[in-house]
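Indexing begins at 1, ligand by ligand and atom by atom, following the structure's order. Being a predicted model, the structure only gives us computed values, none of them experimental.
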Amino acid sequence: MNIIRKVSDLKIEIAAAKERGSVGFVPTMGALHNGHLSLVERARKENDCVVVSLFVNPTQFNDKSDLSSYPRTEDKDIAMLQSAECDILFMPSVEEVYPQADNRKFNFGTLESVMEGAQRPGHFNGVAQVVSKLFDFATPTRAYFGEKDFQQLAIIRKMSSDLKLDIEIIGCEIFRDDRGLALSSRNMLLSDEQLEVAPIIYRTMIEASKVAAWSPDLEHTKEWVKEQIECIQGFKIDYFEVVDANTLQPIALLEDATERRACIAVKVGNIRLIDNITF
Ligand code: PAF
């Protein structure tokens, strides 16, 4: 695996790789887990060259303490990517990605006015800044993103289409542990006790789909979910929404959309976990 830190070196390697075939790209912020590896595995199957970026992007953290506590496990990440047969690992510094402040403002309209966008002002603008730069550096054939960040995936699809980028954006299913907990780098920050209880988030969403089937006014389901989660000490709901899976707009009645997604964000102590299911 070739570890590259400079954009100019990455561009040379990518140009050579493109002579040989397709380039699959997996952008990450490190603290890798099996969910990331499943993206790398898929990229490996579908492309001639696999590039992973590891960059904790400061512009997408609206909360500076969240940025400083974000887990960093560089040596372990490198070893994992080596075993996953990644060809190129791009690990730039902040100065390399942002030689000057990025003042670009993206407009994702109603896609960003709900859920994560509403709770974390500026977050998706920062994601779009870094992903557009990474796409520009790596010019991949395909780019792979997990559906755990369902809203992020929609925003990246929109950005790619607005910028008319010739990159296939591929959404990959959420990777869960055997108790249903969606894998996340933030799980590393949970205590053993919190980790033990955290699968309740997924289980509650599955049960909520049964509650909604009996009582299609979703307000009732939302209250039920809040009660289930918040009766656990230290667990607090940021939002639970059932949305139209295409527009991400919350719906009031089950029949208001044919393709639905239930999305949740829960604060577990200071750690914020998100998850979603087809509903
Ligand atoms: O999903 C993530 O890990 C990040 O938001 C991404 C896409 C790598 C951009 O920093």
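- With a heavy-atom cut-off of 4.0 Å, Ile156 does not touch ligand 1 at all.
- Looking only at heavy atoms of the protein, atom 3 (O) of ligand 1 is closest to Met29 CG, 3.7 Å.
- In this structure, of Gln60, His36, Gln129, Lys148, the residue bringing a heavy atom nearest to atom 4 (C) of ligand 1 is Gln60.
- Results of the salt bridge (Lys or Arg N to Asp or Glu O under 4.0 Å) test with Arg120 over Asp66, Asp149, Asp63 single out Asp66 as the only residue that passes.
- Atoms of ligand 1 found under 4.0 Å from any heavy atom of Pro27, numbered from 1 in the order shown, are 8 (C).
- Counting atoms of ligand 1 from 1 in the listed order, those under 4.0 Å from a heavy atom of Val130 are 9 (C), 10 (O).
- One N or O on the side chain of Asn57 and one on the backbone of Gly126 form a donor-acceptor pair closer than 3.5 Å.
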Exercise answer: donor-acceptor pairs, residues 269-279 side-chain atoms, under 3.5 Å, sequence neighbours excluded:
{"from": "Arg272", "atom 1": "NE", "to": "Asp238", "atom 2": "OD2", "distance (Å)": "2.6"}
{"from": "Arg272", "atom 1": "NH1", "to": "Glu116", "atom 2": "OE1", "distance (Å)": "2.9"}
{"from": "Arg272", "atom 1": "NH1", "to": "Glu116", "atom 2": "OE2", "distance (Å)": "3.4"}
{"from": "Arg272", "atom 1": "NH2", "to": "Glu116", "atom 2": "OE2", "distance (Å)": "2.8"}
{"from": "Arg272", "atom 1": "NH2", "to": "Asp238", "atom 2": "OD2", "distance (Å)": "3.3"}
{"from": "Asp275", "atom 1": "OD1", "to": "Arg176", "atom 2": "NH1", "distance (Å)": "3.4"}
{"from": "Asp275", "atom 1": "OD1", "to": "Arg176", "atom 2": "NH2", "distance (Å)": "2.9"}
{"from": "Asp275", "atom 1": "OD2", "to": "Arg176", "atom 2": "NH1", "distance (Å)": "2.9"}
{"from": "Asn276", "atom 1": "OD1", "to": "Arg261", "atom 2": "NE", "distance (Å)": "2.8"}
{"from": "Asn276", "atom 1": "OD1", "to": "Arg261", "atom 2": "NH2", "distance (Å)": "2.9"}
{"from": "Asn276", "atom 1": "ND2", "to": "Glu147", "atom 2": "O", "distance (Å)": "2.9"}
{"from": "Asn276", "atom 1": "ND2", "to": "Lys148", "atom 2": "O", "distance (Å)": "3.0"}
{"from": "Thr278", "atom 1": "OG1", "to": "Arg261", "atom 2": "NH1", "distance (Å)": "3.2"}

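- Taking any N or O of Gln152, backbone or side chain, at least one lies under 3.5 Å from an N or O belonging to ligand 1.
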Using residues 251-259 as the side-chain source, report each donor-acceptor pair under 3.5 Å to any protein atom, sequence neighbours left out, with the distance given to one decimal.
{"from": "Asp256", "atom 1": "OD2", "to": "Ala252", "atom 2": "N", "distance (Å)": "3.4"}
{"from": "Asp256", "atom 1": "OD2", "to": "Leu253", "atom 2": "N", "distance (Å)": "3.1"}

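- The backbone N or O of Asn107 sits nowhere less than 3.5 Å from a side-chain atom of Glu112 that would complete a donor-acceptor pair.
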